[in-house]
Protein chains: 2
Amino acid sequence: MTNSVFIVDDHYMVIEGIRSLLQNEKGIEWAGHATNAASCLSFLQNQLPDVILMDISMPDKSGIDLCKEVKEKYPSVFIIGLSTFNQQSFIQKMMDNGASGYVLKNATQAELMEAIELVAKGKTYLSEEVSKVLRKQNDAHIVLTRREKEVLELIAGGLTNIEIGDKLFISSSTVDTHRKNLLAKFQAKNTASLIRIASQMEFI
Amino acid sequence: MTNSVFIVDDHYMVIEGIRSLLQNEKGIEWAGHATNAASCLSFLQNQLPDVILMDISMPDKSGIDLCKEVKEKYPSVFIIGLSTFNQQSFIQKMMDNGASGYVLKNATQAELMEAIELVAKGKTYLSEEVSKVLRKQNDAHIVLTRREKEVLELIAGGLTNIEIGDKLFISSSTVDTHRKNLLAKFQAKNTASLIRIASQMEFI
DNA sequence: TTGCCAATCCCTCAAAAACGGGATATTTTC
DNA sequence: GAAAATATCCCGTTTTTGAGGGATTGGCAA
């Protein structure tokens, strides 16, 4: 069984690297590559590969959005996310948007092959490293309400409760309540640690 | 003139990609590769390439430190920094530690060749993108003193002035002064915006 | 040697945040 | 239709901060 593989990544070096890793593999057929989301989509109008290796960061559109769009239009294509770092939030979002696997860019050829073969059969591939991160992330998963997100953004912007209240047309007491809830959710003891944690978790 | 090139990067895909990009170039001789700082250093004991392509992020040691070490031991080797993103602070530090150039991982083959050839002659290569970032960074360059960095870290950790003072064996008034200076340097109006800005500028 | 800068410490006062409650209305979900 | 989540508001008290000052020491460089 031969699987055709397409790759979307804005780094030539990575495209070349993967091509080089896969070129002598019997089970792999090189469908082509794109360096941005737009040319990936136009390629898919003419030809559907079995598997797409998709970088999460691209100039015109994030891999996360592209993944969603591709899966909506072509549900039969299997997508493997690619990224340099173990970024908790990205992996989750990529999987939520229909990716079947996630591979780090330091993967070995064997891992990559394993991922492609599994995913092409409709299964899911997550390397040990990735699934460890994913598990950790789920434990510490923080869900913010719409209002809490707004308040958090404005706190990070340096506004006081009164200023935030004015901006959102609510009383400063309400802002204070949201603030308390944010501190509780992030297990932060004050504004400084709240912003640090939220920033590192990429809420802001 | 033939230049021998060695590469240090913890991502196989990138190593493969660069090898693939360079393999048919007449002026390039492939000296070898390493996936971590330690094996790079042990390679250099036996053989010195003309140019080292060095990733900034590696498991055992940052490219920034490795760059410094290599240049101290083998000043004749020219180093080109490699990274995925245009990270202001890293580029500067890499150049400060003796790198002769900086290339983004989305560089084309032509750019890479140009960089290697220029750098091997002792010149400096910075792609347009990179030098733009560097210039922008210099404008908004914020220099913190040792103490200010320590205080900033602890503020981000959620400690109060008194707690920070206890930790650093200084009075809380002193901490307050450092805090004021931090606010001024970052042009932040309060702790929340200070931490946000510092976090986004990767000071913490 | 004469500055400059970093680092240290002190003061006051007002503003803001943190902490501890409690309370009500409206959605959403089960 | 009841329960849970969300959003709204209020109180009082204590702690922390922000914004002004001013002052001393030691090191380094012009």
Side-chain angles (χ1 to χ4, degrees), chain A residues 92 96 137-201 203-204, chain B residues 89 92-93 96 137-201 203-204:
Chain A
Q92 185 63 60
D96 288 347
Q137 198 256 350
N138 278 341
D139 291 345
H141 197 225
I142 291 174
V143 180
L144 298 186
T145 67
R146 196 195 83 249
R147 224 30 168 181
E148 285 167 348
K149 274 181 211 158
E150 288 171 347
V151 171
L152 177 60
E153 289 280 353
L154 295 171
I155 293 172
L159 307 204
T160 66
N161 287 348
I162 295 170
E163 290 167 337
I164 295 171
D166 288 347
K167 198 149 219 163
L168 299 181
F169 305 107
I170 55 178
S171 130
S172 67
S173 323
T174 307
V175 178
D176 191 47
T177 305
H178 291 310
R179 196 178 199 122
K180 284 176 197 171
N181 293 335
L182 284 166
L183 288 174
K185 285 191 179 180
F186 283 95
Q187 294 184 279
K189 60 171 295 219
N190 57 26
T191 304
S193 53
L194 169 67
I195 300 299
R196 208 263 295 262
I197 297 166
S199 180
Q200 286 178 350
M201 289 180 138
F203 278 92
I204 44 179
Chain B
S89 53
Q92 185 65 59
K93 283 181 192 152
D96 289 347
Q137 198 256 350
N138 278 339
D139 292 346
H141 197 223
I142 292 175
V143 180
L144 298 186
T145 67
R146 193 194 86 250
R147 224 31 168 178
E148 284 166 350
K149 274 181 214 158
E150 288 171 346
V151 171
L152 177 60
E153 290 280 354
L154 295 172
I155 292 172
L159 308 204
T160 66
N161 287 349
I162 295 171
E163 289 167 338
I164 295 171
D166 287 347
K167 197 149 222 166
L168 299 180
F169 304 108
I170 57 179
S171 131
S172 66
S173 323
T174 308
V175 178
D176 192 47
T177 305
H178 291 310
R179 194 179 200 122
K180 285 175 195 169
N181 294 335
L182 285 167
L183 287 176
K185 285 191 180 180
F186 283 95
Q187 295 184 278
K189 61 171 297 218
N190 57 27
T191 305
S193 54
L194 169 68
I195 300 300
R196 208 261 297 258
I197 297 167
S199 182
Q200 287 178 349
M201 288 181 135
F203 278 92
I204 44 180

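Each chain gets a letter, A, B and so on, in the order its sequence line appears, and its residues count up from 1.
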Any idea which of dT17(D), dC11(C), dA7(D) is nearest the Lys180(B) side chain? dC11(C)
Measuring to OP1 and OP2 of dA18(C), would you say a side-chain N or O of Arg179(A) lies under 4.0 angstrom away? yes
With nearest nucleotide decided by heavy atoms, which residue, Asp176(B) or Arg147(A), maps closer to the 5′ end of DNA chain D? Arg147(A)
Measuring to OP1 and OP2 of dC9(D), would you say a side-chain N or O of Thr177(A) lies under 4.0 angstrom away? no
Whether Ser171(B) contacts dC10(C) is assessed here as follows: a side-chain N or O lying under 4.0 Å from the phosphate OP1 or OP2. Is that the case? yes
Which part of the nucleic acid, if any, lies within contact of Thr191(B), taking any heavy atom under 4.0 Å across all strands shown: a base, the sugar-phosphate backbone alone, or nothing? sugar-phosphate
Does a side-chain N-to-carboxylate-O contact under 4.0 Å join Glu148(B) and Lys185(B)? yes
When rounded to whole Å, the NZ to C1' distance for the pair Lys189(A) and dT14(D) reads 14 Å
Could you please name the option among dT17(D), dG18(D), dA17(C) that lies closest to any side-chain atom of Asn161(B)? dT17(D)
Can you pull out how bent the helix from dT1(C)-dA30(D) to dC30(C)-dG1(D) is, comparing the axes over its first five and last five pairs, to 10°? 60°
With a non-hydrogen cut-off below 4.0 angstrom, is Ser173(A) in contact with a base, only sugar-phosphate, or nothing? base
Quick one: do Lys189(B) and Glu163(A) make a salt bridge, cutoff under 4.0 Å? yes
I want to verify a distance call: between dT17(D), dA16(C), dT8(D), whose nearest atom is closest to the His178(A) side chain? dT8(D)
Reckon Thr174(A) touches a base, only the sugar-phosphate, or nothing at all at heavy-atom distances under 4.0 Å? base
Would Glu153(B) and Lys149(B) pass as an ion pair if we require N to O under 4.0 Å? no
